[in-house]
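The sequence lines fix the lettering, A, B, ..., with proteins before strands; numbering per chain opens at 1.
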Protein chains: 2
Amino acid sequence: MKQKPTLKVIAKELDVSVSTVSKALRDSKEIGEETKNKVKAFAKLYNYRPNNIALSLKNKKTKTLGVIIPEIVHHFFTTVISGIEHYANDKGYNVIVGLSNESFKKEVINLEMLANGSIDGFIISVAKETLSVKDYHHLSETIDQGIPIVMFDRVIDEIDCDKVIVDDVKTSEKAVRKLISSGCKQIGIISTKDYVSVGRLRTEGYKNALESKGIEVDTNLILKIDDKFNSDDNLEFLEQQIHDYFEKNTVDGLFAVNELYAITAMKVARQKGLSIPNDLQIIGFTDGVLSKHAYPPLTTISQHGFEMGEEAAKLLIERLENTNDDEEPFKTTIVKTDIIDRETTKL
Amino acid sequence: MKQKPTLKVIAKELDVSVSTVSKALRDSKEIGEETKNKVKAFAKLYNYRPNNIALSLKNKKTKTLGVIIPEIVHHFFTTVISGIEHYANDKGYNVIVGLSNESFKKEVINLEMLANGSIDGFIISVAKETLSVKDYHHLSETIDQGIPIVMFDRVIDEIDCDKVIVDDVKTSEKAVRKLISSGCKQIGIISTKDYVSVGRLRTEGYKNALESKGIEVDTNLILKIDDKFNSDDNLEFLEQQIHDYFEKNTVDGLFAVNELYAITAMKVARQKGLSIPNDLQIIGFTDGVLSKHAYPPLTTISQHGFEMGEEAAKLLIERLENTNDDEEPFKTTIVKTDIIDRETTKL
DNA sequence: CACGTCAGCTACAACGTTTTCGTGTTGATA
DNA sequence: TATCAACACGAAAACGTTGTAGCTGACGTG
């Protein structure tokens, strides 16, 4: 186990000064050709690489991005991370991930752990609990300390920062319109509680679509799932709620704000003997593995997570590398969506 | 935007020395009560947090783990990351993720980017390309430099390090035995090419099970998928290969070495009019979202990714924090598996 | 009064870099 | 021969922290 060589050991070994070694390796014209070659050869031989930590300390930048997401076991978030990684690596940045597990406290801890010099900026999708308790002090304090934040997907209007979102209202409107034009007469929606911005906005789009076609909105047809900040374990609870919904309502079209809700609705519908898409047409939101491999394959809205990730990383890195004194105004970029036609809708 | 306070600014502000501030905050008995209180109050007021980078430089440890995986958009890997994060955070460690995208070159780059001081140790599941070209110099060099590595799932026998695996052979044996005892007469396997260790081992288990029951192994029934280092885009190619397999062979039991293969096989079988589990019983490997939400829900082997992640993090951190001079021998821990009975098998 | 002790503080080095500002030697020029 | 530029290199500071060693003044003891 040979130790990593430092400038100092190279200097001692070659009997020159540390500065000379540093300059030689950076090809400074201050150093003579001969010395340069000698140093470079030695450095290559011993596989010298500058110590990142020392560089970070000196340059006051770490070339590392902090990504905080509610859950990693979730296809949408992982595609976003892929996008972030892709863009960031390309620009020489690393990515640290923190998981909030939808918990406010863990979000705060993660932010604090990383905000002490470990990273140059954050990309975050806020936890449901944070949205629900409406306590954003950790975010505003971080921004106050000069650490930029980019929010994506779940976004907080009150916080001024760069944002990457999807036009939830318009997109949902489009999806529900599609259901209408495919012949659905009774269209329901399975959404989240209102404090989750995306749920609220997608419900809004749902209403807009109906109203624009002169259809009255029946609030009984709007199911707002109570998922206790944790969508993974309480699958039965989710099924139960959807089951009850089907007991009380008869629908021939359904719009679900994520793919899990859509898939689960399909399952419950199948148990009730409904045929998809003949008796019931369904559109989901987010194009994940579930949608693609479901039976029948689910017609869904693609959020283009990869592009969202790339865009978020781009916004963040641009802000980090912007050396102008005049602060750039905050941008919120809207990533386009597409409806991917599969087999849970007609036509 | 107020700057992060450092020891130096606190010292200047309170007109004491930097050392005094440092010691006061760490509650050293060298410092008088009065001064301590003054410093602590000031630090709290200005929300002082020690700079991680400076600490890392000084202590020569970063309290950060580097995790390198082939793909993040993959349920098994994300559960492993969850497990790693869970254990690591608990011990005050952060996690940097690097994606190799199954590419040898990207794996090397990622390793090098992080090995220059950014992390204390690696947890890695090697890329298929690396396994196929059999070039492990980046891994052995990293270990040589004193940076410990823990491998999980896809593991390299030639490299001496801690490992976390599943007993692929035994587990597969159990699964195939189950198929046999459920009445299957013609049992096939969908595996990977042999350079992927898990594929090779699971195929071995498949053969063992058959032989132990006195059934002759028919190599035609062994399909080794050629997936070109990228399982995501070439879904049609995968389908094609499975389709051809079904054309040539008639099976009533199928063991697939991952869930995507299993799900795709189900899809192809359905197209051929086969009823599951009546005409064909299927068992997959890895309990992911696909298995759970498939139609019908897939009987599968749970690898307990979360536990694997926790175990990997545990091994790594224990090694990092082991201050004994005598090197601990390398361990490989075997995480248990379970068959999760769902609806693609009888009984 | 000389000496030692102790509390309470400060100075300094070190971690590995980069960069600014010297400094000494050479050779050419006036 | 005195002056000066060009060249090749070194010393030192800085980033933020911690730990060791050193310093100062007050007090007690013989």
*With no angle test and no hydrogens, is the base of C:dT18 tied to the side chain of A:Lys8 by a donor-acceptor pair under 3.5 Å?*
no

*For the pair made of CD1 in B:Ile10 and P in C:dC9, what is the distance, rounded to whole Å?*
16 Å

_I want to verify a distance call: between C:dT10, C:dG16, D:dT17, whose nearest atom is closest to the A:Asn51 side chain?_
C:dG16

*Residue A:Glu30, side-chain atoms from C-beta onward, closest of C:dT17, C:dC21, C:dC9*: C:dC21

*Euclidean distance, atom CD1 of residue A:Ile53 to atom C1' of D:dT17 [Å, nearest integer]*: 13 Å

*In whole angstroms, how far is the P atom of D:dG16 from the CG atom of A:Asn116?*
13 Å

*Is it true that atom NE2 of A:His86 has more than 12 heavy atoms of other residues, nucleotides or ligands lying nearer than 6.0 Å?*
no

*If you take atom types as modelled and just measure distance, does the side chain of A:Lys60 reach the base of D:dG16 with a donor-acceptor pair under 3.5 Å?*
no

_With rounding to the nearest 0.5 angstrom, report the CG to OG1 distance, A:Leu114 to A:Thr64._
10.0 Å

*Can you tell me if NZ on A:Lys61 sees more than 12 non-hydrogen neighbours from other groups inside 6.0 Å?*
no

*Side-chain N or O of A:Ser22 less than 4.0 angstrom from OP1 or OP2 on C:dT18?*
yes

*Quickly work out the B:Ile31 CD1 to D:dG19 C1' distance and round it to whole Å.*
12 Å

_Sugar-phosphate, base or nothing in reach of A:Leu7, heavy atoms under 4.0 Å_ = base

*N or O in side chain of A:Ser19 less than 4.0 angstrom from C:dT18 OP1/OP2*: no

_Gap between atom CG of B:Leu315 and atom CD1 of B:Ile123 - 0.5 Å precision_ = 8.5 Å

*Taking NZ from A:Lys29 and C1' from D:dC9, how many angstroms apart are they, rounded to a whole number?*
15 Å

*Return yes if the base of D:dT17 and the side-chain atoms of B:Lys23 contain a donor-acceptor N/O pair under 3.5 Å, otherwise no.*
no

*When the nearest nucleotide of DNA chain D is assigned to A:Lys58 and to A:Thr20 on a heavy-atom basis, which residue is associated with the more 5' position?*
A:Thr20

*Find the distance A:Asn37:CG to D:dA8:C1' and express it as a whole number of Å.*
14 Å

*If you pin A:Ala54 and B:Glu33 to their nearest nucleotides in DNA chain C, which one's is more 5'?*
B:Glu33

*Using a heavy-atom cut-off of under 4.0 Å over every strand shown, decide if A:Thr35 touches base, sugar-phosphate, or nothing.*
sugar-phosphate

_DNA chain C: 5'-proximal contact among B:Ser17 and B:Leu57 (nearest heavy atom)_ = B:Ser17

*For A:Lys63 and C:dT17, what is the distance between atoms NZ and C1' respectively, to the nearest whole Å?*
16 Å

*Got a second to check how far A:Thr62's OG1 is from A:Leu57's CG, nearest 0.5 Å?*
11.5 Å

_Distance below 4.0 Å between B:Tyr48 side-chain N/O and D:dG16 OP1 or OP2_ = no

*A:Ser56 side-chain N/O to A:Asn52 backbone N/O, donor-acceptor pair under 3.5 Å*: yes

*Length of the line joining B:Lys61:NZ and D:dT17:P, which is rounded to integer Å*: 19 Å

